[in-house]
Structures are given as C-alpha cells and as structure tokens.
*Asks:* 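One structure coming up, written as structure tokens, with questions to follow.
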Amino acid sequence: MNVFAQLLNTISEKGAAYVVLIDPDNKNDTIIESNVALANQSGVDALFVGGSLIMDGCYVDRVKRIKDSAQIPVIFFPGGIGQLNSYYDAMLFMSIISGRNPHYLIGEQVIAAPSVKDLGIETIATGYMILDGGAGSTVEFMSGTRPIPMNRPDIAVAHALAGQYLGMELIYLEAGSGAKKPVEIDIIKYIHQAVNIPLIVGGGIRTPTAAAERVEAGAAIIVTGTVTERNSLLMKEFSKAIHWKIS
Ligand code: 1GP
C-alpha cells in the first residue's frame, strides 16, 4: 500500500491522522533522533520533513538520520527543490494555490519533476493555501505571496474548490509555522462542507484541544511542529485528541 492510501486508511479508521513536522534545520540538530523516537512511540501516523529556510549545509544528512530512525512514513514537505533527496517515502507535490507567484504555482514543480521521476518517489498532489496566522510567517516571505485573510472564508473556499477541480488529492490549510492564530474553526467547517478531498490543517496549533476542535470542524490531518519540537512529550496527548474514533 502506498503512503497516501495508508493515510486515507488511518483517517477512516482513527477519525483523523496526526503528522509531526520535523524541520531539518540546524536549530533542531540535537533533538532529531529523540523526537523521531518519541513520534514512533506516541501514535504519530507520519512525519513531514522540510522547512522554508535551512541555515546550513547539513540538510540531507539530517533527513537521512530521520529516515534511519523512523518507523512511520517520512513525507517530504518541500521548502524547495534543493531539499529533494532519496530518503523520503513520499512527497507532497505542492502548488501554492493561494498565491499569485508563478514560480511557486508551477515553476518549482517543473524544475523538480524530472528528479522526482528519476528517484521514483510517490507524489501526493497538494493544493497549499497560506492563511494569515498573524505572525508574518517564513513561508509567506520566502514564497513572496500574500496570505488569505482569515476573515474571508469566501476567498478561502473558492481557492480550495479550484484546487479540487484542478485534481489535487489534498488541500493544505497553513497558518504558518509559529502562527499566533491557527486556521479558524469556521473556515475549516466552511471549506469541509464545500470540498470532498481531505484537509490538512497546520500552523500555530499548540494544544490537543485546539487540534481536536479542528478535527471536529473537518480537518482530516493535523500537523504540529513548533509545539512538539519544544515539548515532544505532548505528542501522545495530541495523538489521543486527534484519533477520536479509537481513543
Ligand atoms: C505545518 O507550518 C506548520 O503546517 C507547523 O506549524 O510550527 O506552528 O506547529 P507550527
């Protein structure tokens, strides 16, 4: 079974899937093995690996270390083609559909495609939507795109629908790493009612309750990064809150 099919299975069996983001930046160098080991033991369903900005040249080595320790799928969450390598089980093949920067809509993907084919890596077509989490996120800056205002569910739903009609398998609602406000519950509900592909929700989710509320609103996959980097023992609680069908 491929990684996407496994995720869909998890969503239907456990109610939703829980993904931990591991940013292979030098700031996390010393916690990689311990965080991956805790993810293995805490009911986390998969790891997303990637980051908007990597501050040294050891990225590939850290991804290899993640892959070597992981007992769950390692999914590339691309900050750019430079982060592509052979240590991932699958990748989100993303387009930043909330933006109007042609490079991140199709340019980077064209550069990546031949290497992706050569590596034989599983691709999961993902419409990536950046919403304004109030913190001026790195991804906004690096992609040179404006986020969708959180008080404009109509704009958000139109983008999500366009993503679905373009053939995306997933829609990713991103408030930005370290967001002050995670994606609002009403926006998730509204988009969930309109589209019939699974929604990933991430950015600024700090408590298991905030995660559970977003699952209840229609999120199929919840991502935590910052909070579980700082306190990896929380992974177990997040996992319980997100997997409502089996908790
Ligand atoms: C993944 O960017 C998020 O979608 C991660 O956000 O670091 O705020 O959890 P946090």
Side-chain angles (χ1 to χ4, degrees), residues 4 7-19 21 45-46 48 75 77-78 92-101 104-106 109 123-137 139-140 143 145-225 238 241-245:
F4 186 53
L7 277 176
L8 293 179
N9 250 359
T10 301
I11 294 163
S12 89
E13 278 167 17
K14 301 185 184 172
Y18 178 35
V19 173
L21 171 67
D45 301 299
F48 281 172
I75 303 173
F77 175 42
L92 300 184
F93 201 84
M94 307 198 310
S95 174
I96 305 186
I97 60 170
S98 57
R100 298 297 181 272
N101 179 344
Y104 287 100
L105 276 166
I106 185 63
Q109 295 79 352
T123 52
I124 306 170
T126 304
Y128 191 65
M129 293 174 44
I130 305 173
L131 291 112
D132 188 358
S137 65
V139 65
E140 276 167 50
S143 65
T145 62
R146 276 176 69 187
I148 297 174
M150 206 71 92
N151 63 355
R152 291 302 303 271
D154 51 342
I155 297 180
V157 87
H159 280 77
L161 274 172
Q164 172 175 311
Y165 296 146
L166 281 166
M168 300 298 182
E169 294 166 287
L170 292 172
I171 293 289
Y172 197 137
L173 303 178
E174 172 69 270
S177 188
K180 286 191 188 138
K181 294 173 296 177
V183 179
E184 275 172 17
I185 299 202
D186 285 348
I187 292 205
I188 300 169
K189 274 191 189 154
Y190 193 39
I191 295 178
H192 176 63
Q193 280 160 11
V195 305
N196 49 29
I197 50 177
L199 303 178
I200 310 180
V201 176
I205 298 176
R206 292 196 184 80
T207 63
T209 307
E213 287 167 354
R214 279 155 184 81
V215 169
E216 207 181 319
I221 301 175
I222 295 284
V223 186
T224 66
F238 272 105
I242 291 162
H243 296 143
W244 59 273
K245 271 197 188 171

*Asks:* Any side-chain heavy atom of I197 within less than 4.5 Å of one from L170?
*Replies:*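 With C-beta onward as the side chain, the pair stays apart.
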
*Asks:* Measure the spacing between CD of Q109 and CE of M94 and express it to the nearest 0.5 Å.
*Replies:*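 So the gap between those two atoms works out to 8.5 Å.
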
*Asks:* Could you check whether any side-chain heavy atom of M168 comes within less than 4.5 Å of a side-chain heavy atom of S95, counting everything from C-beta outward?
*Replies:*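 Yes - at least one pair of side-chain heavy atoms lies under 4.5 Å apart.
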
*Asks:* Apply the test side-chain contact (heavy atoms from CB on, under 4.5 Å) to residues D45 and H243: give CA-CA distance (whole Å), side-chain angles for both, the deciding distance (0.1 Å), then the verdict.
*Replies:* CA-CA 10 Å; D45 301 299; H243 296 143; 2.7 Å; yes

*Asks:* With side-chain hydrogen bond (donor to acceptor under 3.5 Å, both in side chains) as the test, would you mind laying out the steps for Y18 and T10 before giving the verdict?
*Replies:* CA-CA 9 Å; Y18 178 35; T10 301; over 6 Å; no

*Asks:* Distance from D132 atom CG to K180 atom NZ, nearest 0.5 Å?
*Replies:*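 One finds 9.5 Å between CG of D132 and NZ of K180.
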
*Asks:* Grab the two heavy atoms, one from M129 and one from I171, that are nearest each other, plus how far apart they are.
*Replies:*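 What the structure gives for the nearest pair is SD-CG2, 3.8 Å.
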
*Asks:* Which atom names give the shortest non-hydrogen contact between I187 and V183, and what distance separates them?
*Replies:*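 Answer, listing the atom of I187 first, then V183: CG2-CG1, 4.2 Å.
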
*Asks:* Are the side chain of Q164 and the backbone of N196 linked by a donor-acceptor contact shorter than 3.5 Å?
*Replies:*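 Looks like yes, one N/O pair under 3.5 Å.
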
*Asks:* Is a side-chain donor or acceptor of N101 paired with a backbone partner of S143 at a separation under 3.5 angstrom?
*Replies:*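 Yes, because the side chain of N101 sits within donor-acceptor range (under 3.5 Å) of the backbone of S143.
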
*Asks:* Decide yes or no on side-chain contact (heavy atoms from CB on, under 4.5 Å) for L131 and L173, but give the supporting numbers first.
*Replies:* CA-CA 7 Å; L131 291 112; L173 303 178; 4.0 Å; yes

*Asks:* In a check of side-chain contact (heavy atoms from CB on, under 4.5 Å) between V215 and each of I222, I11, I188, V201, which one passes?
*Replies:*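 In the set I222, I11, I188, V201, the residue that makes a side-chain contact (heavy atoms from CB on, under 4.5 Å) with V215 is I222.
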
*Asks:* Measure the spacing between CD1 of I148 and NE2 of H159 and express it to the nearest 0.5 Å.
*Replies:*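 Output value for this atom pair is 4.5 Å.
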
*Asks:* Any donor and acceptor pair, going by atom type alone, linking the side chain of E174 with main-chain N or O of I130 inside 3.5 Å?
*Replies:*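 The answer is no, because no donor-acceptor pair under 3.5 Å joins these two groups.
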
*Asks:* CD/E216 to NE2/H192 distance, rounded to the nearest 0.5 angstrom?
*Replies:*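 Nearest 0.5 Å value for the CD-NE2 distance: 11.0 Å.
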
*Asks:* Taking all non-hydrogen atoms of both residues into account, name the closest pair between A135 and A179 and its distance.
*Replies:*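 Reported closest heavy-atom pair: CB-CA, 4.1 Å.
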
*Asks:* Between S98 and I96, is any pair of side-chain heavy atoms under 4.5 Å apart?
*Replies:*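 They are in contact (side-chain heavy atoms under 4.5 Å apart), so the answer is yes.
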
*Asks:* Would you mind reporting whether E169 and T126 have side-chain heavy atoms less than 4.5 Å apart?
*Replies:*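 Result no, sub-4.5 Å side-chain heavy-atom pair not found.
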
*Asks:* Over all heavy atoms of both residues, which pair between S137 and S177 is shortest? Give the atoms and the distance, please.
*Replies:*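 Shortest heavy-atom separation between S137 and S177 comes out as CB-N, 4.5 Å.
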
*Asks:* Using every non-hydrogen atom in the two residues, find where I97 and G163 come nearest and quote the distance to one decimal.
*Replies:*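 Of all heavy-atom pairs spanning I97 and G163, the closest is CD1-CA, 3.9 Å.
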
*Asks:* Do any N or O atoms from the side chain of K181 and from the backbone of G204 form a donor-acceptor pair under 3.5 angstrom?
*Replies:*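 No; zero donor-acceptor contacts below 3.5 Å.
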
*Asks:* Check whether T209 reaches the backbone of T207 with its side chain - one donor and one acceptor, N or O, closer than 3.5 Å.
*Replies:*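 Absent.
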
*Asks:* Please report the C-alpha distance between F77 and Y172 in whole Å, then the side-chain angles of each, then the deciding distance to 0.1 Å, and finally whether the ring-ring contact (aromatic ring centres under 6.0 Å, His included) criterion is met.
*Replies:* CA-CA 11 Å; F77 175 42; Y172 197 137; 5.1 Å; yes

*Asks:* Of the non-hydrogen atoms in I75 and A46, which two are nearest, and what is the gap between them?
*Replies:*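 Shortest heavy-atom separation between I75 and A46 comes out as CD1-CB, 3.9 Å.
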
*Asks:* Could you go step by step and tell me if L92 and Y128 meet the side-chain contact (heavy atoms from CB on, under 4.5 Å) rule?
*Replies:* CA-CA 9 Å; L92 300 184; Y128 191 65; over 6 Å; no

